[in-house]
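Chain A is the first sequence line, chain B the second, and so forth, proteins listed ahead of strands; every chain is numbered from 1.
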There are 2 protein chains.
Amino acid sequence: MLEFAILGLLHQSPMHGYELRKQLAQVLGGLRSISYGSLYPALKRLHAAGYVTTDEPDPRAPLPADAPPLTGRRGKVVYTITAEGKERFHELVGQSGPEAYDDGGLFGVRLAFFRHTAADVRLRVLEGRRRTVELQREGLRASLSRTRERLDRYTLELQRHGLESVDREVRWLAELIDRELTDSHQRRADGAEPGDPPETSPRP
Amino acid sequence: MLEFAILGLLHQSPMHGYELRKQLAQVLGGLRSISYGSLYPALKRLHAAGYVTTDEPDPRAPLPADAPPLTGRRGKVVYTITAEGKERFHELVGQSGPEAYDDGGLFGVRLAFFRHTAADVRLRVLEGRRRTVELQREGLRASLSRTRERLDRYTLELQRHGLESVDREVRWLAELIDRELTDSHQRRADGAEPGDPPETSPRP
DNA sequence: CCGTCGATGTATCGTCCCGATACATCGGAG
DNA sequence: CTCCGATGTATCGGGACGATACATCGACGG
């Protein structure tokens, strides 16, 4: 999941780890933040896999007689996506199976990078997510009506609130899907390229 | 977090790990489930800490000449809470500081065992949680109005939906707090014990 | 001119949790 | 009688987290 998000951000421009974290927090919805304990190991993995490069000139050669403080020598590192990294990102962005929407966190990241996603894939991902959440809702409803009598008021409130949240998510997804379909028809009528990501204000 | 939930459940009656998992899923709101990869290590920790005992008679003594299959010898294990465990649970249940509500997951568990919690602690935890979520909401609002122009429609939708969810949670918490206050006044008027957990249907 | 304070920045450690997987037992349906 | 699904215990590798340490730099006031 981090892999996806990092590649997506680096796809737009090279960045420091620090900046990456800030942008990530923004894109992820503001509440979900990413810790350095996840970020740096993830960058290390991506680097090992050849998906990103660093400008670190490796700290071992060009200063034989230069040792003022010489402590730490911690330098800033700019991460840049490679051609393989871009390929990997587009491979991930093209996936529309359960791995794209079963996990809510990953789905959020997918949504944040939907502008890089083809229209048909967008639609499949949204509908898959809706199906997943609908199943959750049904399970929740069943469980709630089964155990309504045996639960105390607090547990009951917790479940009720959870169910309403899931219900709201389903309706939200339905709205997004509707909009996708409308835009798709609109594009067909306009004769525009199919798969064009709709802009923030499609018709200003 | 698991520690709390497990002790809370075992507080009611001894159980197998398997049953524990099912009850846990129920109490946690139906969506959040707990995997065995978390549960058994957690039980091991609780056992090592002396908070639970098992009926496992230890597999090393009483069958010298008994070896029909002798494979595995995997037996069922019933976990029972100890006096120290109950003490630990009440210690945890009495906490009303940030550790009780800063994390949403832990707060959910707290709520699920609110019937074991004193009325004043309940109120402090609910108000603390509301404050936390309110701060989240303000941060989200600020971030959203700051970046509204630069975000594409999908990221915008994501943030909007997130903000509405947080907003709904604040209102939900306010309702719960109101109810606590009402019940508290009611109890005072009735002359009942302060701290009585309100039942599921306080006035049938 | 200096100190220190907050933002920027890199990095690791221990711990927790998860999904996948393996294995074992048992009651009932076919 | 046999197979199947529910019950049941357990581990493994890996990912993510919070806490923490350390380093650099600009700005601000004393």
* B:F4 has an atom CZ; how far is it from atom P of C:dC16, in whole Å? -> 17 Å
* Looking at CG of A:L10 and CG of A:L43, how far apart are the two atoms once the value is rounded to the nearest 0.5 Å? -> 7.5 Å
* Could you tell me whether a side-chain N or O of B:T82 sits under 3.5 Å from a main-chain N or O of B:G50, the two making a donor and an acceptor? => yes
For nucleotides 5-8 of chain C, print each protein N/O atom paired with a nucleotide N/O atom at under 3.5 Å, atom names and distance only.
from, atom 1, to, atom 2, distance (Å)
C:dT8, OP2, A:Y18, OH, 3.1

* To do: Check the side chains of B:E91 and B:Q95 for a donor-acceptor pair under 3.5 angstrom, ignoring hydrogens and angles.
  => no
* Asked: Sub-3.5 Å donor-acceptor pair from the side chain of B:T147 to the main-chain atoms of B:R150, do we have one?
  -> no
* Asked: When you check the side-chain N and O atoms of B:Y101 and B:R124, is any donor under 3.5 Å from an acceptor?
  -> no
* To do: Respond yes when some side-chain nitrogen or oxygen of B:K44 is under 4.0 Å from OP1 or OP2 of D:dT9, and no when none is.
  => no
* Starting from P on D:dA10, measure out to CZ on B:R45 and report it in whole angstrom. => 15 Å
* Asked: When we call it a touch if two heavy atoms are under 4.0 Å apart, what does A:G37 touch: a base, just sugar-phosphate, or nothing?
  -> base
* To do: Just report the end-to-end axis angle for the helix from C:dC1-D:dG30 to C:dG30-D:dC1, five pairs per end, to 10 degrees.
  => 20°
* Salt bridge check: are B:R122 and B:E180 linked by an N-O gap of less than 4.0 Å? -> yes
* To do: State whether B:S35 places a side-chain N or O below 4.0 Å from either non-bridging phosphate oxygen (OP1 or OP2) of C:dC17.
  => no
* Grab the CD-C1' distance between B:E99 and D:dG18 for me, whole Å please. => 15 Å
* Structure fact -> Rounded to whole Å, CG of B:L39 lies from C1' of D:dT9 at a distance of 10 Å
* **Atom-to-atom span, CE of B:M1 to C1' of D:dG18 - whole angstrom** => 17 Å
* To do: Return yes when atom CD of A:E87 has more than 12 non-hydrogen atoms of other residues, nucleotides or ligands closer than 6.0 Å, and no otherwise.
  => no
* **Value in whole Å for how far the P atom of C:dC17 lies from CG of A:D103** => 18 Å
* Asked: Does any non-hydrogen side-chain atom of B:L46 lie less than 4.5 Å from one of B:Y79?
  -> no
* Structure fact -> note: B:M15, atom CE; D:dT9, atom P; distance rounded to Å ~ 12 Å
* **Whole-Å distance separating the CG atom of B:L2 from the C1' atom of C:dC18** => 11 Å
* With DNA chain D as reference, determine whether B:E19 or A:I34 sits nearer its 5' end, using the nearest nucleotide of each. => B:E19
* Does a side-chain N or O from B:Y40 land closer than 4.0 Å to OP1 or OP2 of D:dA10, or not? -> no
* B:E164-A:W172 side chain donor-acceptor pair, cut-off 3.5 Å -> no
